[in-house]
Asker: 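Before anything else, here's the structure in question.
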Amino acid sequence: MGEFDLIARYFQRPTRAGSGVALGVGDDCALLAPAPGMQLAVSSDMLVEGRHFFADVYPAHLGHKALAVNLSDLAACGAEPLAFTLALALPRVDAVWLQGFADGLLALADAHGCQLVGGDTTQGPLNICITVFGQVPAGRALLRSGTQAGDDIWVSGRTGQARLALDALRGQIHADDALLTRLRQRLERPMPRLALGRRLVGIASSAIDVSDGLLGDLSHILAASRVGARIDVDAATDLLAGGARLASAGLDRGLLMRCALAGGDDYELVFTAAPAERAAVRQAGSDSATRVTRIGSVEAAPGLRLVDGQGQAVRGQFPAFDHFA
Ligand code: ADP
Ligand code: MG
């Protein structure tokens, strides 16, 4: 199968009209048409074998995750997905692999009305680079800057499960089959918080998605907004401990704390909002069927202050994931 047959067979589908896309796969450029009054939100993420995924991961899960991590960036800006491009390097044409990959990728794309409008295909070590395009009301995107002292800090869902899955797959912790299956879902099939993100426009003062670890990604908000924060580490740890039947798994609380605060690969949203918006944040959570939990507050003094449920200082280093550290 040649390059063009491959594209036509797995990645080219008819353009759906009236959905922000004027022209899809097949010409020199795709044409996007955001609605009047909207800004285009654009983000790219690359997945490299051995770095971001194991060589033996299910191709459908890989297709899902490659798009999910990109959609998560749109969610963090409060944007609605329109379209994406796929740049793919493949070692060889493997029909079974390609069909699985395309199925996982396009199922998530369809679930969010996000059309594949173009890309590039080449032979080489497996590498997947996706660029997503979304739209957000002009001037109203959620940014990392924008929070101020006194705001609440919130997190969606639970953080730490993807890291527990990774530790279990590496044999560093024990998880029985039922638990591992649930944790693996979080690692391999993250669900971008798009519905919540869009509802937070006009409510949240800043937001980011958690890819490198809760505290590390929160630090980007603090730096961009030139503020500090106090974080209740018990609240974040309890969220993790309360999920996925972890309570009975006998996992050490220190480990759970490290995973919740610095695990990474969560694709949850961390965001801030004024205390006057608490009811609105909770409503946004329930309207999007997404758990939202208050885990701290923004303070004027720079730096992160970690406290337990009683407000006592907690010492510990929870470094974020860094490819070059
Ligand atoms: P060009 O040489 O002009 O860059 P290509 O020959 O690489 O164009 O691609 C032909 C068409 O197929 C273009 O519309 C391109 O966007 C699309 N395309 C290429 N690879 C992919 C892919 N992996 N997924 C979706 N569309 C693709
Ligand atoms: Mg090309």
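Just follow the structure's listing: the first ligand is 1, and inside any ligand the first atom is 1.
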Asker: Hey, what else clusters with Leu239 if you join Ile, Leu, Val, Met, Phe, Trp, Tyr whenever side-chain heavy atoms sit under 4.5 Å?
Answerer: Ile153, Val155, Ile208, Val210, Leu214, Leu215, Leu218, Ile221, Leu222, Val227, Ile231, Val233, Met257, Leu261, Val270, Ile295, Val298, Leu304, Leu306, Val314, Phe318
Asker: If you count the atoms of ligand 1 from 1 in the order shown, which ones are under 4.0 Å from a heavy atom of Gly26?
Answerer: 14 (O)
Asker: Test of understanding: with ring-ring contact (aromatic ring centres under 6.0 Å, His included), list the residues that count as partners of Tyr58, not counting sequence neighbours.
Answerer: His61
Asker: Are side-chain N/O atoms of Gln283 and Asp287 paired as donor and acceptor at under 3.5 Å?
Answerer: yes
Asker: Side chain, backbone, both or neither: which part of Thr85 comes within less than 4.0 Å of ligand 1 when only heavy atoms are counted?
Answerer: neither
Asker: Please could you name the atoms of ligand 1 that Asp27 approaches to less than 4.0 Å, counting only its heavy atoms?
Answerer: 13 (C), 14 (O)
Asker: Taking only heavy atoms of Phe11, which atoms of ligand 1 are found under 4.0 Å from at least one of them?
Answerer: 23 (N), 24 (N), 25 (C)
Asker: Numbering the atoms of ligand 1 from 1, which are under 4.0 Å from a heavy atom of Thr121?
Answerer: 19 (C), 20 (N), 21 (C), 22 (C), 23 (N)
Asker: Just to check, does Phe4 reach to within less than 4.0 Å of ligand 1 when the distance is taken from its heavy atoms?
Answerer: yes
Asker: Using a heavy-atom cut-off of under 4.0 Å, does the side chain or the backbone of Asp120 touch ligand 1, or both, or neither?
Answerer: both
Asker: Pick out which of Arg186, Arg158, Arg291 makes a salt bridge (charged side-chain N to carboxylate O under 4.0 Å, His left out) with Glu268.
Answerer: Arg186
Asker: Could you list which atoms of ligand 1 come closer than 4.0 Å to a heavy atom of Gly118?
Answerer: 16 (O), 24 (N), 25 (C), 26 (N), 27 (C)
Asker: Scan side-chain atoms only and decide if Thr147 and Thr272 contain a donor-acceptor pair under the 3.5 Å cut-off.
Answerer: yes
Asker: For Ile7 and ligand 1, does the shortest N/O to N/O distance drop below 3.5 Å?
Answerer: no
Asker: Taking only heavy atoms of Asp28 into account, list the atoms of ligand 1 that are under 4.0 Å away from them.
Answerer: 3 (O)
Asker: For residues Gln115 and Ser19, is any side-chain donor paired with an opposing acceptor at under 3.5 Å?
Answerer: yes
Asker: Do Asp152 and Ser297 have a side chain donor and acceptor closer than 3.5 Å?
Answerer: no
